[in-house]
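My questions all concern the structure below.
As a basis for the values below, the full set of heavy atoms in this structure was taken, side chains included, without hydrogen atoms, waters or symmetry mates.
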Amino acid sequence: MGKHIATVFAFLAIVFSVAVASTINCDVLIVGGGTGGVAAAHEAASRGVKTCLVAESFWLGGQMTSQGTSALDEAYLDFAEPYDRLVQLVRQYYIEKYSVPPSSQFNSFDGRFDPGLCWVSRFCFEPAVAAQLIEDAILNTTALPSLKVFRGYLPESAIVSGTTVSGVNFVSETDATKISLTVMAAVTVDATELGDLYPMTNTSFRVGIDAQNDTGEPHALPEAYPDC
């Protein structure tokens, strides 16, 4: 009897500890599903480039969604697509769903409609709203057929030859299954929150805030702050 029970448990251990591996090829690999990763994926896929976005979180959008800090201090600035469109979609969602007259909830900073009307920021909203709008309107894989999105994966190692990064190995673990995913790409973009790929690829980097003259970013500060 004890032998049969041991055999059953051994069988269950095999069944419930499945390892699955797969390899995907694309033109552009974007690692990280925060606001930068979402913007990069939207830009690449909008141009018809075969794009893979691999994110640790199941909600895309970083600060706006999975990080639970959907209070955007920079929303009063005018940005390009897709950021500006997402901001407008969030505003429109609350106006239509709750029949809120925009004139009733202007913030005191810039006179624009603020759904949350919180003192901590000029533009506040529910994280779940932004997550759904990113899914439906910004990174809709039906509208962007060249885009593939993989959620719940952590980068484990990079595939490097000389100074060229040709792919990244990812892992996703659940209670029952360990899934390994390898994505090979001509271009790899590190859009993680902490620069996860830099040490994996032995890529040199610097920290802090770049000066406007370095990047040409219109909203950057005139001087660099390397210690920030």
Does the pair Q67 and E193 meet the rule for a side chain to side chain donor-acceptor pair (under 3.5 Å), with working shown? CA-CA 11 Å; Q67 294 176 18; E193 301 294 339; 3.3 Å; yes
If you group Ile, Leu, Val, Met, Phe, Trp and Tyr by side-chain heavy-atom gaps below 4.5 Å, do I24 and V31 land in one group?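 Yes; tracing contacts between hydrophobic side chains, which count when under 4.5 Å, links both residues.
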Measure the shortest side-chain to side-chain distance between V54 and I30 over non-hydrogen atoms and say whether it is less than 4.5 angstrom.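 Of all side-chain heavy-atom pairs linking I30 with V54, none is under 4.5 Å.
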What are the two closest non-hydrogen atoms of M64 and A130, and how far apart are they?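 Heavy atoms only, the tightest pair is O-CB, 4.1 Å.
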Decide whether D210 and T215 meet the rule of one side-chain donor and one side-chain acceptor closer than 3.5 Å.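 Absent: no donor and acceptor within the cut-off.
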E135 bridged to R151 by N-O distance under 4.0 Å: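 Salt bridge between E135 and R151, a charged N being under 4.0 Å from a carboxylate O: yes.
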So, for G61 and T35, which heavy atoms are closest and what is the spacing to 0.1 Å?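 For G61 and T35, the tightest heavy-atom pair comes out as O-CG2, 3.3 Å.
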Under 3.5 Å side-chain donor-acceptor pair for Q92 and Q88: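 Distance-only check fails for Q92 and Q88.
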With a 4.5 Å cut-off on side-chain heavy atoms, are D27 and V187 touching?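 No; the side chains remain at least 4.5 Å from each other.
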Answer whether the closest heavy-atom distance between the side chains of F170 and L154 falls below 4.5 Å.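 Counting from C-beta outward, F170 and L154 never come under 4.5 Å.
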Can you tell me which residue among S22, C52, S172 is in a side chain to side chain contact (heavy atoms under 4.5 Å, CB included) with F150?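 With F150 as partner, side chain to side chain contact (heavy atoms under 4.5 Å, CB included) holds for just one option, C52.
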Is it the case that S166 and T164 place a side-chain donor and acceptor less than 3.5 Å from each other?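 Judged by distance alone, the side chains do not pair up.
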Any non-hydrogen side-chain atom of T188 less than 4.5 Å from a side-chain atom of T201?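 SC-SC contact between T188 and T201 ruled out.
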Hey, could you give me the OG1/CG distance between T23 and L181, rounded to the nearest 0.5 Å?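 Here the interatomic distance stands at 7.5 Å.
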Is there side-chain contact between Y83 and L72, with heavy atoms separated by less than 4.5 Å?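 Yes; the side chains approach each other to less than 4.5 Å.
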Separation of L117 CG from C124 SG (nearest 0.5 Å):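 Result: 8.5 Å between the selected atoms.
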Y153-L29 co-clustered via ILVMFWY side chain contacts under 4.5 Å: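 Yes; L29 is reachable from Y153 via cluster members.
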Test V171 against K178 for side-chain contact (heavy atoms from CB on, under 4.5 Å), laying out the working first. CA-CA 7 Å; V171 64; K178 179 177 180 179; 3.4 Å; yes
Less than 4.5 Å apart, side chain to side chain, heavy atoms only: is that true for V165 and I159?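 A side-chain contact under 4.5 Å is absent here.
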Quick one: does any side-chain atom of Q63 pair with a main-chain N or O of T69 as donor and acceptor, under 3.5 Å?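 It does hold such a pair.
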Any T51 side-chain heavy atom under 4.5 Å of C26 side chain: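 Not touching, per the 4.5 Å side-chain cut-off.
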Sub-3.5 Å donor-acceptor pair from the side chain of S146 to the main-chain atoms of V49, do we have one?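 Yes; judged by distance alone, with no hydrogens or angles, the pair exists.
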Answer yes if V129 and W59 sit in the same cluster of Ile, Leu, Val, Met, Phe, Trp and Tyr residues linked by side chain heavy atoms under 4.5 Å apart, and no otherwise.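 In one cluster with V129: W59, no.
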Just verifying a value: how many Å separate R91 CZ and F123 CZ, rounded to the nearest 0.5 Å?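 Going from the CZ atom of R91 to the CZ atom of F123 covers 4.5 Å.
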Search all heavy atoms of G68 against all heavy atoms of P127 and return the closest pair with its distance.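 Answer, listing the atom of G68 first, then P127: CA-CG, 4.2 Å.
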Under 3.5 Å, side chain of E56 to main-chain N/O of G32, donor-acceptor pair present?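 Not a single qualifying donor-acceptor pair exists.
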What's the separation between atom CE in M200 and atom OG1 in T192, rounded to the nearest 0.5 Å?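 Reported value, rounded in 0.5 Å steps: 8.5 Å.
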Would you confirm whether K50, through its side chain, and N25, through its main-chain N or O, come within 3.5 Å as a donor-acceptor pair?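 Judged by distance alone, yes, a pair lies under 3.5 Å.
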How long is the gap from CD1 on I134 to NE2 on H42, to the nearest 0.5 Å?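 Separation between the atoms: 11.0 Å.
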Under the 3.5 angstrom rule, does the side chain of S70 hit a backbone N or O of T65 as a donor-acceptor pair?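 Judged by distance alone, no pair lies under 3.5 Å.
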If every non-hydrogen atom of Y94 is compared with every non-hydrogen atom of P115, which pair is closest and at what distance?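 That closest heavy-atom pairing would be CD1-CB, 3.5 Å.
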In sequence, state the C-alpha distance, the side-chain angles, and the governing distance for E126 and Y93, and then conclude on side chain to side chain donor-acceptor pair (under 3.5 Å). CA-CA 11 Å; E126 297 163 286; Y93 170 87; 5.4 Å; no
Where is the tightest heavy-atom contact between L60 and A55, given as atom of each residue plus distance?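 Minimum heavy-atom contact is CD2-CB, 3.7 Å.
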Distance in Å, N202 CG paired with L197 CG, rounded so as to fall on 0.5 Å steps: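 N202 CG to L197 CG: 12.0 Å, rounded to 0.5 Å.
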Quick check: is Y98 connected to L89 through a chain of hydrophobic side chains (ILVMFWY, heavy atoms under 4.5 Å apart)?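 Yes.
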What is the minimum heavy-atom distance between P199 and G195, and which atoms define it?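 Nearest pair, atom of P199 first, then G195: CD-O, 3.4 Å.
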Do L133 and I138 come close enough that some side-chain heavy atom pair is under 4.5 Å?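 A side-chain contact under 4.5 Å is absent here.
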